[in-house]
Participant: 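Take a look at this one; I'll ask things after.
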Amino acid sequence: MGIVFTDRAKFRLKEIKEYYSFRVSSKIANQIIKEIVEATKPLEFQPLIGPEEEFLSHLKLGHRYIIAGNYKILYRIDNDNIYITDVFDTRQNPVKMKG
């Protein structure tokens, strides 16, 4: 299975990187992004490892998630690919995931 980051997920990673680069340092920003990306690697071999995401169940696409630091990595499985659909900061209200 291949891992594909959607445009939305890429945009979120860019936002996270910009935020930490500005607030802390580029080094820390890069470490956080690396941690998020590395956390997706096991999905290639164990795509069902993450529990189903209840806040996205209304979409009926089988969204699941894994955690990396303060981030929930949302994904779904479709044919031979795992699509990383969003990277959500767990310190936010989870209802924002639906939007």
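Residue numbers run from 1 in the order of the sequence given.
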Participant: Working to the nearest 0.5 Å, report the span between CG of Leu56 and CZ of Arg76.
Facilitator: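 These two atoms lie 11.0 Å from each other.
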Participant: Please round to the nearest 0.5 Å and tell me the distance separating atom CD1 of Ile16 and atom CD of Glu35.
Facilitator: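 Going from CD1 on Ile16 over to CD on Glu35, the span is 10.5 Å.
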Participant: Among residues at least two apart in sequence or on other chains, which ones pass side chain to side chain contact (heavy atoms under 4.5 Å, CB included) with Ser57?
Facilitator: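 Checked Ser57 against side chain to side chain contact (heavy atoms under 4.5 Å, CB included); zero matches.
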Participant: Please name the pair of heavy atoms, one in Met1 and one in Glu44, separated by the smallest distance, quoted to 0.1 Å.
Facilitator: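 Looking at all heavy atoms of both residues, the shortest contact is O-OE1, 3.5 Å.
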Participant: Output the distance between atom CD1 (Ile66) and atom CD1 (Ile84), rounded to the nearest 0.5 Å.
Facilitator: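 Answer for the CD1-CD1 pair, Ile66 versus Ile84, is 6.0 Å.
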Participant: Output the distance between atom CD1 (Ile73) and atom CG (Leu13), rounded to the nearest 0.5 Å.
Facilitator: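 So the gap between those two atoms works out to 8.5 Å.
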Participant: Kindly give the heavy-atom pair with the smallest separation between Ile82 and Pro47, and that separation in Å.
Facilitator: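 Looking at all heavy atoms of both residues, the shortest contact is CD1-CB, 3.8 Å.
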Participant: Hydrophobic clusters here meaning ILVMFWY residues chained together by side-chain heavy-atom distances under 4.5 Å, can you tell me if Ile77 and Tyr65 are in one?
Facilitator: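 In one cluster with Ile77: Tyr65, no.
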Participant: Same cluster or not: Phe45 versus Val4, using hydrophobic residues (I, L, V, M, F, W, Y) connected whenever any side-chain heavy atoms lie under 4.5 Å apart?
Facilitator: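 No; Val4 is not reachable from Phe45 via cluster members.
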Participant: Tell me whether Phe55 shares a hydrophobic cluster with Val87, the cluster being built from Ile, Leu, Val, Met, Phe, Trp, Tyr side chains joined at under 4.5 Å.
Facilitator: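 Phe55 does not cluster with Val87.
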Participant: Tyr71 and Thr90: which non-hydrogen atoms are nearest, and at how many Å?
Facilitator: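 Heavy atoms only, the tightest pair is C-CG2, 4.1 Å.
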Participant: Should the pair Lys72 and Phe88 be classed as cation-pi, given the thresholds of under 6.0 Å to the six-membered ring centre and 45° from the axis?
Facilitator: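 Verdict for Phe88: no cation-pi partner in Lys72.
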Participant: Just verifying a value: how many Å separate Asp7 CG and Thr85 OG1, rounded to the nearest 0.5 Å?
Facilitator: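 Going from the CG atom of Asp7 to the OG1 atom of Thr85 covers 12.0 Å.
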Participant: Out of curiosity, Ile36 CD1 to Ile32 CD1, how far, rounded to the nearest 0.5 Å?
Facilitator: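 Answer rounded to 0.5 Å: 7.0 Å.
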Participant: So which heavy atom on Ile28 is nearest to which on Val24, and how close?
Facilitator: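 Closest approach of Ile28 to Val24, heavy atoms only: CG1-CG1, 3.7 Å.
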Participant: Taking only residues two or more places apart in sequence, or in another chain, which ones meet Asn30 in a side chain to side chain contact (heavy atoms under 4.5 Å, CB included)?
Facilitator: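 If we apply the side chain to side chain contact (heavy atoms under 4.5 Å, CB included) test to Asn30, skipping adjacent residues, the hits are Lys17.
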Participant: Determine, using the 4.5 Å side-chain heavy-atom cutoff (strictly less than), whether Ile33 and Tyr75 are members of one ILVMFWY cluster.
Facilitator: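 Yes, same cluster.
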Participant: Using side chain to side chain contact (heavy atoms under 4.5 Å, CB included) as the criterion, list what pairs up with Glu15, not counting sequence neighbours.
Facilitator: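 If we apply the side chain to side chain contact (heavy atoms under 4.5 Å, CB included) test to Glu15, skipping adjacent residues, the hits are Phe11, Arg12.
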Participant: Are Ile3 and Ile49 joined in one hydrophobic group, where the rule is that I, L, V, M, F, W and Y side chains link up if heavy atoms are under 4.5 Å apart?
Facilitator: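 Yes: a chain of side-chain contacts under 4.5 Å links Ile3 to Ile49.
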Participant: Verify, without hydrogens or angle tests, whether Asn81 (side chain) and Tyr83 (backbone) share a donor-acceptor contact under 3.5 angstrom.
Facilitator: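 Absent.
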